[in-house]
Amino acid sequence: MNLTTPELKIAQTAARQAASVCMTVYDSLIEAAAKAGREPVTIADYASQAIINATLKVAFPDDAIMGEEHGSEFSRVLTDSQRQQVTDFVSKALDQNLTENDVKTILDNTDGSSGRMWIIDPIDGTKGFLGKRAYAIAIALKDENGLSLGVLGCPNLDLEHPGDQRGEGILFYAVRGQGAYREPLMGGEMFKIHTTDSSDEFHVATSYESAHNDETLFNQIIENVPIAYRNITRLDSQAKYGLVAAGCVTSYFRIVPEPDFHERIWDHAAGAIIVQEAGGIVSDFAGNPLDFNAGETLAKNRGAVASSKPIHPLLIEAIAKTNWQGEK
Ligand code: AMP
Ligand code: MG
């Protein structure tokens, strides 16, 4: 696989089409529908998931898809008029005349026998999306050798002012062994990106939502890193991985306060390969690689750390000095 591989081109197209619908919804009045569990969900989550699934399934019918949104919830959680809105968005994006049932079928058509699996977060950072902050459309591909490709669409992101949401947006992408790149979200010049080389700067990105990260532990870890200069950028979604990959911050790390909550693979897969291909290291809090083969969650890992090469070992040492594995 290289940068002209159809897998990359199609994932980029899917991310752009999905991002375009998300941006339309973002700019209009949006209401969250309650989904089972803790996460809010909007019509844009379902439209984005359906557009991505349909685009990937036409091109790669034998690949499996693991995404955050499913047909059963589409039918159960949304009102009739919301389902119709989703159907209209998906029909328009795909240039087809679809029914609600077609959209449900697309959302449920996720099995595949090729051994490859696409891992998708149609809107990563839904709380950021609802709060008119940052969010991302995340698409990754996994094969028998691990993650092979990642695409991260970050609407409105501006690398100079992350969080402002007034930029043209960025598409980050990487193919295994081919490096990591960024270009304007809706197309334009591509740039190779690289994590920072410096061992005397330490800039961290972390979740905007304090419930997504154990902040007490987070602050202890920062204190334990033996570098004086610290700067913290708060941002929703995997855009944080993009900031690490592009060298805007040195590091992103998180650990969920609840010990029985495991991170979902679609919250990390695309970002992880982009950071690795940009020269960085991605691991859990023990320093072990993230295991994307344990189902829907990173069940074998606790915590996630994405960092430039010089800072990663310092962070793992700083984490080891805390009681992160201890009883809460
Ligand atoms: P972030 O925008 O980086 O804070 O992370 C967003 C992701 O965190 C979402 O896509 C969820 O999958 C995940 N998430 C949602 N609720 C929680 C929670 N209570 N604790 C940890 N992670 C969560
Ligand atoms: Mg997510």
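All of these numbers come straight from a predicted model, not from anything done at the bench. Start at 1 and go down the list; that is how both ligands and their atoms are numbered.
For ligand 1, one of its N or O atoms has an N or O atom of Arg254 under 3.5 Å away. Polar contact with ligand 1: absent for Glu209 (N/O pair, distance under 3.5 Å).
Contact annotation: Gly128 has no heavy atom less than 4.0 Å from any atom of ligand 1.
Rounded to the nearest 10 degrees, the angle OD1 (Asp124) to the Mg ion (ligand 2) to OD2 (Asp121) equals 100°.
Of the options Ala304, Ala211, Gly125, Pro257, the smallest heavy-atom separation from atom 20 (N) of ligand 1 is shown by Ala211.
The aromatic rings of Tyr252 and His268 sit parallel, their planes meeting at an angle under 30°, below the 60° perpendicular limit.
Set against the non-hydrogen atoms of Val256, the atoms of ligand 1 under 4.0 Å away are 20 (N), 21 (C). Remark: ligand 1 atoms within the under-4.0 Å shell around heavy atoms of Ser237 are 1 (P), 2 (O), 3 (O). Heavy-atom proximity to Asp236, at under 4.0 Å, picks out these atoms of ligand 1: 2 (O). Within ligand 1, counting atoms from 1 as listed, the ones closer than 4.0 Å to a heavy atom of Lys240 are 1 (P), 2 (O), 3 (O). Near Ser207, meaning under 4.0 Å from any of its heavy atoms, are these atoms of ligand 1: 1 (P), 3 (O), 4 (O).
Contact annotation for Asp124 and ligand 1: only side-chain heavy atoms (C-beta onward) come within less than 4.0 Å of the ligand.
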